[in-house]
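In this chain, residues are counted from 1 in sequence order.
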Amino acid sequence: MLTILEPLWEPWTLEFMQRALLAACLASVVAAVVGCYVVLRGMAFLGDAIPHATFSGVAAAFLLGGSLYLGGTVAALVTALLIGLLGRRGALKHDTAVGIVFVAAFALGILLASRRSTYTVDLFAFVFGNVLAVGWGDIWLMAGVGALVLALVFLFWKELLIVSYDPTMASALGVPVERVQMGLLALVALTAVIALKAVGVVLVAALLVTPAATGQLVARSLAGMMASAVSVGLVSALAGLYVAYYADVSPSAAIVLSATALFALAFVATKLRARAAARRALPERAPAPSSRT
């Protein structure tokens, strides 16, 4: 029996795999919760933009010898603030503001990185992710920032909920819509920084969007959507690390593809369930009239 089950527990006998699982779970949980608002608000493009923009802060901190996390955080928050200000009160369409700011920030990161003739392992890890190299210091930082993000989400649960579903009604009820939207941008920025080391700049958007989109398919309330998204994120983290360990592939990509596979299963199941319900709702055909006179 021990021989049969050995492949299940073997990866977790290694300390670096234990740290990787903990970091991936932390990133997945926070990204799933915040990602629900991103999906409800139709802000998937923003979920991709802010993580890319953090690269400028990471590159600047790398050149200055400072904290890469701090550099990424500053860049993410400044980018979120600029996007919010440019798109405020219709000055620019939201997607236009996102496109301008994130491309400029990412280009700045490339420019700064080009000041060095070669990429180092640390900088490369923030671009493509290297969860296997996460240390206990990284985990404590992720846990602290993640706890702050989750606390703010639940503290302003009602405001975020109504603004996500109906900004017009929220404004009529006296909710400060613009401030809530700016706050949501800041939450996305902090979440992006949490997930950087786990999946990297390139794949952070997948952690924000894919589990939340899966939750939207299977749940009818925001709480249910978040619970489903968190479950998908945790299962994806576990499955992705198993795949990475035994197939010797990138753990970041394996985690994201695991989440994508779960989304595909949920999508197909939802479609099949909808078709079955439609067939049951059809009235039974009346018997054909008799041809006898």
Side-chain angles (χ1 to χ4, degrees), residues 20-54 76 80 95 98 102 126-131 142 146 149-150 153 160 164 184-185 187-244 247 249-274:
L21 179 61
L22 187 54
C25 288
L26 284 170
S28 297
V29 168
V30 178
V33 171
V34 176
C36 289
Y37 295 112
V38 171
V39 169
L40 289 175
R41 294 282 293 138
M43 295 163 55
F45 184 34
L46 178 68
D48 186 45
I50 289 181
H52 278 77
T54 62
D95 58 343
V98 171
F102 116 75
F126 275 88
V127 178
F128 296 102
N130 187 9
V131 72
M142 293 171 69
V149 171
L150 294 179
V153 167
L160 288 167
S164 296
L184 179 56
L185 291 176
L187 292 178
V188 173
L190 292 174
T191 303
V193 173
I194 293 171
L196 278 180
K197 199 66 177 287
V199 295
V201 166
V202 176
L203 298 177
V204 168
L207 281 191
L208 279 166
V209 175
T210 307
T214 308
Q216 190 177 38
L217 287 176
V218 302
R220 297 184 178 181
S221 65
L222 178 59
M225 180 180 174
M226 283 186 177
S228 300
V230 167
S231 299
V232 170
L234 292 175
V235 171
S236 301
L238 182 63
L241 287 174
Y242 267 123
V243 171
V249 295
S250 165
S252 305
I255 290 170
V256 169
L257 290 176
S258 297
T260 305
L262 291 175
F263 170 80
L265 289 174
F267 182 82
V268 171
T270 301
K271 289 296 183 182
L272 292 176
R273 187 167 62 247

Task: T54 (side chain) donor-acceptor with P51 (main chain) under 3.5 angstrom - done: yes
Open item on the list: To check you understand the geometry: which heavy-atom pair defines the closest contact between L185 and A80, and what is its length?
Closed with: CD1-O, 3.3 Å
TODO: Hey, could you give me the OG1/CD1 distance between T191 and I50, rounded to the nearest 0.5 Å?
DONE: 9.5 Å
TODO: Provide the closest heavy-atom pair for R41 versus L184 in the form atom of the first, atom of the second, distance.
DONE: CG-CD2, 4.2 Å
Throw together a table of side-chain donor-acceptor distances under 3.5 angstrom for residues 257-271, partners on residues two or more places apart or in other chains.
| from | atom 1 | to | atom 2 | distance (Å) |
| --- | --- | --- | --- | --- |
| S258 | OG | A254 | O | 2.8 |
| T260 | OG1 | V256 | O | 2.9 |
| T270 | OG1 | A266 | O | 2.7 |

Name every donor-acceptor pair, under 3.5 Å, that has one atom in a side chain of residues 203-215 and the other anywhere in the protein, sequence neighbours excluded.
| from | atom 1 | to | atom 2 | distance (Å) |
| --- | --- | --- | --- | --- |
| T210 | OG1 | A206 | O | 3.2 |
| T214 | OG1 | T210 | O | 2.8 |

In a table with atom names and distances, give each donor-acceptor pair under 3.5 Å that connects a side chain of residues 21-39 to protein atoms at least two apart or in another chain.
| from | atom 1 | to | atom 2 | distance (Å) |
| --- | --- | --- | --- | --- |
| S28 | OG | A24 | O | 2.7 |
| S28 | OG | G233 | O | 3.4 |

- [ ] First locate atom CG of L222, then atom CG of L160, and finally report the distance between them rounded to the nearest 0.5 Å.
- [x] 9.0 Å
Open item on the list: Restricting to non-hydrogen atoms, name the atom on S228 and the atom on V218 that form the minimum distance, rounded to 0.1 Å.
Closed with: OG-CG2, 3.5 Å
